[in-house]
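Below: the structure, in structure tokens.
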Amino acid sequence: MFAAIDGSNCPSLPQDERASHSLLLERGTFRVARPWPPVDADGKKIAPQFDIEVVRDPTGCNTSAVYGLHGKHPAVSVFRRPRPATNLKYLTAVGFVFEPKNGFPLPIDPESGQRMSGNLLADSRAGTLKLQLLDAMHTHLETEGNLHPEQIQRILDFEGQLYTAQSVDFVGGKLDDGGAHGGPETLALSKPGVLKSSKDVQWVEYSPWAALATTNTAGSSDAQRLFRESVARGAAIFRDRTFLISDSSGLNSMNFGNPTRDGCNFCHNMTRTGMDVAPGQVDLGTTNEPFADSAPDLPLFKLTCHAGETPHPFLGAVVYTHDPGFALTTGRCVDIGKITMQSMRGLAARAPYFSNGSARTLRDVVEFYNRRYNIGLTEQEKQDLTNLMSVL
Amino acid sequence: MCVKGAVLFSLAAALGYAADAPTLKPVSFIACPVYRDTNQGRKSGCWLADDHESGVRYDIGGGRAKPQIGHEVLVEGVVANSTDVCGGAVLAPVYTAVLETRCPAVMLPPENYPGRAFQVSAKSVLPPMDVERPLPPPPYESQQWVIQFNFQSDFLLYQYSEVILDAAARYIKASGAKRVLVTGYAATKEMQVSGRTLSEPSALAKTRAESVAEALRRLGVDPRQMHVSWRKDPEPIASNDGLEEPSKRRVTIRAEL
């Protein structure tokens, strides 16, 4: 039932066998084949700063004579979770002119004259929703030709009105109850691209639940009250808990230093969605060794930066990775393993998490961050953060 | 218009050095930086480095760019009379540049040093895009802006460069400047620091100039207005921060009416 082009480990495999779709079935990931070397928005080849070798190829696609790195149309196959095609005004919102991670003003879409947010797709290969839909049409749908402008506009109009968020929790009940403002309606009505601040508090949606113990909670069970208080505590941890962020290209490589003390909303700083108001390409270590979790079912690439090029700031000139991420778009060593942050809304129904599906549950997401940055979360704090994410 | 000086002093003020007039005692050295995890909130840790020649440990955390543990750092600063809150004599102003050479990654606990909270001057940040801002009013005259860079870097530093670029682009737009001269410089002349010979490659002058020109283009300055050039071995800019070498690593933007 899955398309061979992206719903199987490789189109060259026997499509009627379950094993040929293992990465979709086990990880929820689809195959994304990026042209190699990368091409820019005008289709011009970019001279990459690194060579790429296939170290391990469990799907066979990267060494395939047809679909592989040395095939007729050289491509790098990586496996990624699909991103929700909803809440899109937050993905395209531009809060500030400059992108601090590269120092430049955001580029302008020549067609609309608007600045492009840089927050679409894991590797930011499309700057606008129009380019994204055309990319999807030509790759995932394998469609030749182009759509009429009216057809494109109808798709954009349709997807632009879709909002999704968790609206009910089995324990917590209705998420717009008790003074809270969870659910998609608040998302639809709110302004996108707002940077969190003392005035625009991150996850203010659930602030009213912080005081349930001292307010009238008639009609709510103890379990519900405790859950809601846990959610509010999770929001506070997300906002206020600081820890040492280290060796994360995109963050520690700009002028904040390595390490730098900050919190979850240092990066997840856009109100309502927890995205980055600036383009959110950061190397957390979800795909790059040695920080990435073991993943024998995923391909492994060895990237060797050319002499004279600026290497990856923390991993050096040779990087082993399951997915080069943003570097597949830019060809730059400093971008290896950077993955665009995504919206944190509607998470509970969308396991597994991270672009490669490496976190099976929301709790696993918390465990990854706790391990990666040595945060030292207590069992209760882990549960609070998990509960918060489950109601976004 | 000496933007550099203005920004330096606003940064010094933000960090609490305003009352301490620099004693104009420049120091420069290469060291392995040490991070002290004094927790005064976000971005609050201390950065320390020892000058091997004098044996003095300095607090080098007050610059625009912070060091990275595990990499040597070039330190250029002026000794200030500020209170020691990190475990080192305060350098302010101070420039730190991460070098490629590796060294041990060292972190220290607070050890009763309070550190200082991170603050950024309002003059060093741009407002959100949706904040309406009037263009600079007339009268207009030819103007020049200076953007400094880290040693051996063409990176446009956050909470510094964008404010200058924004001011320049808005002035160019408002004044209808006929020509915009973008000139990049690299400090190619060798200097001796901690027994080592350092210099910048001449190619850096070009990439710095091109970075600034590209940023201005994205801010709406017509590329046909811009004349982009680059030079090596520049003269230092007469400045009041007591540090000549860092002033050579620069790009100037000149709007001619």
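Just so we're on the same page: letters track the sequence lines, and every chain starts at 1. Computed from heavy atoms alone, side chains included, the values below leave out hydrogens, waters and symmetry copies.
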Interatomic distance, CZ@A:F98 vs CZ@B:R218, rounded to 0.5 Å, equals 10.0 Å
Value for CZ (A:F104) from CZ (B:F155), rounded to nearest 0.5 Å, stands at 9.0 Å
Answer yes or no: does atom NZ of A:K89 have more than 12 heavy-atom neighbours from other residues, nucleotides or ligands under 6.0 Å? yes
d(A:E99 CD, B:L156 CG) to nearest 0.5 Å is 12.0 Å
Note: vs chain A, highest number of non-hydrogen pairs under 4.5 angstrom among B:L165, B:V212, B:L219, B:T96 is B:L219
The interface call for B:P127 against chain A, heavy-atom contacts under 4.5 Å, is backbone
message: The test is side-chain contact (heavy atoms from CB on, under 4.5 Å); show your working for A:K101 and B:Y158 and say whether it passes.
response: CA-CA 8 Å; A:K101 297 183 197 73; B:Y158 180 52; over 6 Å; no
With distance as the sole test, does B:Q68 use its side chain to make a donor-acceptor pair with the main-chain N or O of A:N252 at under 3.5 Å?
-> yes
Would you say that more than 12 heavy atoms from the other residues, nucleotides or ligands in this model lie under 6.0 Å from the CZ of A:F50, or not?
yes
- Does A:P259 reach the side chain of B:M107, with side-chain heavy atoms less than 4.5 Å apart? yes
Checked B:L126, B:L157, B:D37 vs chain A; the most non-hydrogen pairs under 4.5 Å come from B:D37
Bottom line for B:P128: the part with an atom under 4.5 Å from chain A's heavy atoms is both
Any side-chain heavy atom of A:N255 sitting closer than 4.5 Å to one from B:Y160? no
Output for pair (B:R42 CZ, A:T242 OG1), nearest 0.5 Å, gives 7.0 Å
Check: Given side chains that start at C-beta, do those of A:D262 and B:K43 come closer than 4.5 Å, heavy atoms only?
Finding: yes
- Query: Does B:R224 CZ have over 12 foreign heavy atoms under 6.0 Å away?
  - Reply: no
Checked A:S246, A:G257, A:G263 vs chain B; the most non-hydrogen pairs under 4.5 Å come from A:G257
If one checks every heavy atom of B:N39 against chain A at 4.5 Å, the contacting part turns out to be both
Separation between CD1 (B:I69) and CG (A:L244), nearest 0.5 Å, reads 8.5 Å
message = Can you confirm whether more than 12 heavy atoms, excluding those of B:E111, are under 6.0 Å from its CD atom?
response = yes
Okay, A:L106 and chain B: the region with an atom under 4.5 Å from a heavy atom over there is backbone
Nearest heavy-atom approach of A:P105 to B:A215 is CG-O, 3.5 Å
